[in-house]
2 protein chains.
Amino acid sequence: MNATHKRVRTAHEKENCKVVVEMLSRIGDKWTVMVVGALSEGTMRYTELQRSIDGISQRMLTLTLKGLEEDGLVARTVHPTIPPRVEYTLTPMGRTLTKPLFALYQWTMEHRPAMLEARKAYAKAAAKKTG
Amino acid sequence: MNATHKRVRTAHEKENCKVVVEMLSRIGDKWTVMVVGALSEGTMRYTELQRSIDGISQRMLTLTLKGLEEDGLVARTVHPTIPPRVEYTLTPMGRTLTKPLFALYQWTMEHRPAMLEARKAYAKAAAKKTG
DNA sequence: CGGTATCCACTACGATACTG
DNA sequence: CAGTATCGTAGTGGATACCG
């Protein structure tokens, strides 16, 4: 609180917002969330991931895994056998990410129906104006 | 827990993952988070938002606000004065969104240093390989 | 003031082909 | 099996100009 009528400083001040945005751009994209989700169930091989994540291309799987590895969220282990066996697993830090992701999941489940409703209502209102 | 060595069913099963992804694609993008962050401090006018969100274009501000309004997360109030005065505010549902966003913010603050470290280490390791 | 409309650059991504 | 390399395209978003 301060003496003026103005706001208190919250977590949503500009600077703080930017780091969330920065994070979201790295971990909040479609494929990254899917990969983290898949790996949250345990270690997986490249092809397993590809099969378990519907619609992902080799290119995107590779890029996504590289990004996660670069950020220290996923560990890559190569078993130098023939044929090669490469396993991916969440690092301890990577595992902690599932918690806020789960918070988002809960929020989603709780509010998705209302949002879908809102969208229908919005569409209806727009249609009324147009037609 | 179940009898097999396999996983228990978690929030990260494919289907559930998809709704999180779907949500993220609507509320997880750069500008949406910035707008929600700005509005978490209270009602704001269009131009105020534009000034407070660094680098946003009119186009994106308008599109983002429309999206949020469509989803029932932001309410738009037009005061038919001259010059016009349009105010945006988070709906009750919109305000609940700040909570999981805050969880993400906390995670970010906690793990960002480690991630930056990891990235440096990764870059160094890559450089060593290349020569 | 609070937008809309148009254009255009950039990039993200899928498809495809090839490799150790 | 686990990738890399290349290409074409569709969508994203900034810049600019204009409107009620």
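Hydrogens, waters and symmetry mates are skipped; everything else that's a heavy atom, side chains included, is used. Every chain is numbered from 1, with letters handed out A, B, ... down the list of sequences.
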Do [X] and [Y] come close enough that some side-chain heavy atom pair is under 4.5 Å?
{"X": "B:Y46", "Y": "B:L65", "answer": "yes"}
{"X": "B:R26", "Y": "B:D71", "answer": "yes"}
{"X": "A:H111", "Y": "B:T96", "answer": "yes"}
{"X": "B:M44", "Y": "B:R51", "answer": "no"}

Report summary line: Contact string for nucleotides 2-9 of chain D, one letter per nucleotide 5' to 3', B = base within protein heavy-atom range under 4.0 Å, S = sugar-phosphate only, - = neither, reads SBB-----
Query raised in the report: Taking atom C1' of D:dG14 as reference, at what distance in whole Å does atom CE of B:M34 sit?
Result: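 After rounding, the gap between these two atoms is 16 Å.
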Query raised in the report: Roughly how many Å is it from CG in B:L61 to P in D:dG14, rounded to a whole number?
Result: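 After rounding, the gap between these two atoms is 11 Å.
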**Report entry** B:W31/B:L61 under side-chain contact (heavy atoms from CB on, under 4.5 Å): CA gap, chis, key distance, verdict
**Finding:** CA-CA 7 Å; B:W31 297 126; B:L61 181 54; over 6 Å; no
Report task. Shoot me the first and last contacting nucleotide of DNA chain C against chain A, ordered 5' to 3', at under 4.0 angstrom to non-hydrogen atoms. Result ->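 First and last nucleotides in contact are C:dC13 to C:dG20.
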Requested in this report: Tell me, with the steps shown, if A:E117 and A:K120 meet salt bridge (Lys or Arg N to Asp or Glu O under 4.0 Å).
Outcome: CA-CA 5 Å; A:E117 267 312 301; A:K120 274 206 304 199; 3.6 Å; yes
For residues 84-91 of chain B, dump all side-chain donor-acceptor pairs below 3.5 Å to protein atoms at least two apart in sequence or in another chain.
residue : atom : partner : partner atom : Å
B:R85   : NE   : B:E87   : OE2          : 3.3
B:R85   : NH2  : B:E87   : OE2          : 3.4
B:E87   : OE1  : B:H79   : NE2          : 3.2
B:Y88   : OH   : B:R76   : NE           : 3.2
B:T89   : OG1  : B:T43   : OG1          : 3.1
B:T91   : OG1  : B:G72   : O            : 2.7
B:T91   : OG1  : B:L73   : O            : 3.3
B:T91   : OG1  : B:M93   : N            : 3.4
B:T91   : OG1  : B:G94   : N            : 3.0

Query - Single-linkage hydrophobic cluster, 4.5 Å side-chain cutoff, A:V36 and A:M109 together - result: yes
